[in-house]
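Proteins get letters first, then strands, A, B, ... in listed order; numbering begins at 1 in each.
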Amino acid sequence: MVMAVFSSLFVIAIVIGFLASSWKRSDLSKLNEWGLAGRRFGIVLSWFLMGGDLYTAYTFIAVPALVFGVGALGFFGVAYATIAFPLLFLIFPRLWEVAHRHGYVTASEYVRGRFGNRWLALAVGVTGILATMPYIALQLVGTQVVFGAVGFVGSGWLTYLPLIISFVLLAGFSAMSGLRASAFIAILKGVLIFATVIVAIIVIPGQLGGYGAIFAKIPPQNILLAAPTAENWGSFSSFSSLALGSAFALFLYPHAVTGLLSSASGRVIEQNSIVQPVFNILLWFLSIFGFAAVAAGVGTDPAFADGFKQYGPSYALLALFVKYFPDWFVGVAFAAIAIGALVPASVMAIGSANIITRDIWGEFVHSGTAEAREQKEASIAKVFALLMVAAALIFVVAIPLQYVIQFQLLGGIWVIQTFPAVAMSLFVRRWLTGRGLLVGWLVGMISGTWMVASLGFTASVYPLHIFGITIPCYIAFASFVLNLAVAVVLTPLFRAGESGRDETGIADYAAQAAE
Amino acid sequence: MSPSNGPASRTTASSTTRSSSHRSMWLLIVPFIAMVIPSFFNFRDPAIDGVPFFYWYLLLWIPLTAFLTWIVYRR
């Protein structure tokens, strides 16, 4: 029963992906149409697309897993997802405006236009791709966990067969329909995810005797953050810096930028900053389910021992669903997660392909005329989207999961290093220079990677020692502050010799009256 | 690209000032102060329906943040 419901919903999602190419039919051999769906998503499609894109299958599995493991600190995810939206509101409508006016398809293309520095743009683009690769791979891992839980099991290479088939199909509909496929599958994902969480809210606390009974079973030290002492700021500074650092990084990921630029106007992005956070209420409940999994004792239940052995705490939420949902609804919930992986995976592949095409192939490889380049762009991008998915598959099959997670952790630390060039440059005109930003980026990348390496690639919070006080700080945040300081301090040095031309004008960033 | 809905066309005349210097934008600092400094909410009591303060406080700030953003958007 689980398998029948699951498989039918999954097949429906794939079919939607292929059919989506006919929405507002246009010339899909143009990168703007394939890779940004012609920039014409209104608030409804944009809400589903961004929701499906940002709240990935990995998010829905990893956040409850974190709460299951460490308790209150895991709720930094709720704080981060909430404060990310005022940032979206303040910053990114300006990126949409300038990108729309100049036809930019990627953030790095904007950076090239703004600073006239192709090396800075390359740094921004490559950082985005590096951060995305393990992220796509983790979506596949999420799907694989679900496939295993549904009962698609095999031995040897057969273990990977369902995964390989589903991602070949993913690559197929992404290449054929582009971002339209992601948006329309996102509608199905949204409906399924909301249905799953609403049913879980109704069923699970009741089975466990209410929220009071759930919290009564949590070890007291996990219910609150460890309070700071005179020598050590403990969990407080971890919570704050994780929330801030993650919020600053979120919209810099290529899949987020691709989603944003596909909106029909900067106004749609503003509206989305208000209504998108409905998804955060889901995230809150899913985080609470991490506690529910502790209270339900799934971790010590012999029925789930195999799952936990294979997938660790990531199995907590799935075990909870299996324990309390009726059979057929387990199929719906698992389909929600697996389809939940298809949406971000396809946008990530498309967003990375846009970068490779515009900022690497178009800028450094192709030598013909601009017209010749434009004609070839979409077909090049489709090939690279296929390659991104293939690379992620190889990742999952060939590299132990632990390394993929560590790589993804590094990805978050790397991608925030593009914040000064992509986001601050939208507001600050005089105090940033292309070369200063490039040096700052390098300092941020090296210091961030060094801090993670010194912790053996296992943690993202580094104990800073300042004036004899130990301040545990999210490495992304610490290295970002260093990056920004370097970029600004170097400005007077580089401003005189700045050779790049800024092709954007101040008026390009503001919303224009209806044309 | 022409925004087709009413509110968009109503406010576009002032939109350049809205995006750069409107005073109500300072409201958006409030969620950062409220959610990033755990000293404000790292408590068990008062609990609601068995949910400690820490948790329902964070839940409450999700709609409050959206509401503050909406106030800034309207201007």
Side-chain angles (χ1 to χ4, degrees), chain A residues 39-40 42-43 72 75 78-83 85-87 89-90 93-94 97 100 210-216 223-225 227-228 235-236 239-241 243-244 247 264-268 270-271 273-278 280-281 283-285 287-288 427 507 509-515, chain B residues 1-5 7-22 25-45 47-74:
Chain A
R39 301 181 213 241
R40 51 169 98 78
I43 181 65
F75 271 74
V78 172
Y80 130 57
T82 307
I83 58 175
F85 287 94
L87 283 179
F89 180 91
L90 291 173
R94 286 171 77 85
E97 297 293 343
H100 177 240
Y211 292 101
I214 293 175
F215 278 100
I223 292 188
L224 292 180
L225 299 171
S235 307
F236 273 40
F239 185 98
S240 312
S241 56
L244 280 174
S265 66
R267 198 76 178 156
V268 168
E270 291 185 349
Q271 292 161 351
S273 332
I274 301 167
V275 291
Q276 195 82 81
V278 177
N280 288 341
I281 295 171
L283 191 63
W284 186 88
F285 277 105
S287 307
I288 290 287
F427 299 88
Y509 296 85
Q512 269 189 346
E515 284 157 20
Chain B
M1 288 292 144
S2 52
S4 52
N5 50 351
S9 38
R10 180 167 53 79
T11 50
T12 36
S14 64
S15 55
T16 30
T17 51
R18 181 172 52 80
S19 62
S20 54
S21 66
H22 205 286
M25 285 188 6
W26 291 101
L27 278 177
L28 295 183
I29 287 189
V30 178
F32 286 82
I33 297 169
M35 298 186 84
V36 168
I37 304 173
S39 318
F40 293 149
F41 56 87
N42 196 38
F43 311 111
R44 283 187 89 127
D45 293 312
I48 293 181
D49 192 24
V51 179
F53 180 75
F54 181 95
Y55 298 93
W56 67 255
Y57 173 90
L58 288 175
L59 177 62
L60 184 67
W61 268 100
I62 299 171
L64 281 180
T65 304
F67 177 69
L68 291 175
T69 313
W70 176 72
I71 290 178
V72 180
Y73 170 85
R74 280 175 62 225

Quick one: are the ring centres of A:Phe215 and B:Tyr55 less than 6.0 Å apart?
-> yes
Top of B:Pro52, B:Pro38, B:Ala66, B:Gly50 for chain A proximity - count of heavy-atom pairs under 4.5 angstrom = B:Pro38
Side chain, backbone, both or neither: which part of A:Ala72 has an atom under 4.5 Å from a heavy atom of chain B?
-> both
Distance from B:Ile37 atom CD1 to A:Phe236 atom CZ, nearest 0.5 Å?
-> 11.0 Å
In terms of heavy-atom pairs under 4.5 Å with chain B, the winner among A:Leu224, A:Thr82, A:Ile214 is A:Leu224
Non-hydrogen atoms of chain A under 4.5 Å away: do they reach the side chain of B:Trp70, the backbone, both or neither?
-> both
Between A:Glu97 and A:Arg94, is there a side-chain N and carboxylate O pair less than 4.0 Å apart?
-> no
Which of the residues B:Leu68, B:Ile29, B:Thr69, B:Leu59 is involved in the greatest number of heavy-atom pairs with chain A at under 4.5 angstrom?
-> B:Leu59
What is the ring orientation for B:Tyr57 with B:Phe53, classed by angle as parallel under 30°, tilted 30 to 60°, or perpendicular over 60°?
-> tilted
Tell me, side chain or backbone of A:Phe239 under 4.5 Å from chain B's heavy atoms, or both, or neither?
-> side chain
Closest-packed option against chain B by number of heavy-atom pairs under 4.5 Å, given A:Asn280, A:Val78, A:Leu225 | A:Leu225
Based on non-hydrogen pairs under 4.5 Å, which of A:Tyr80, A:Trp284, A:Tyr211 is most in contact with chain B?
-> A:Trp284
Relative to the ring of A:Phe75, is the ring of B:Phe54 parallel (under 30°), tilted (30 to 60°) or perpendicular (over 60°)?
-> perpendicular
First locate atom OG1 of B:Thr65, then atom CG of B:Leu60, and finally report the distance between them rounded to the nearest 0.5 Å.
-> 9.0 Å
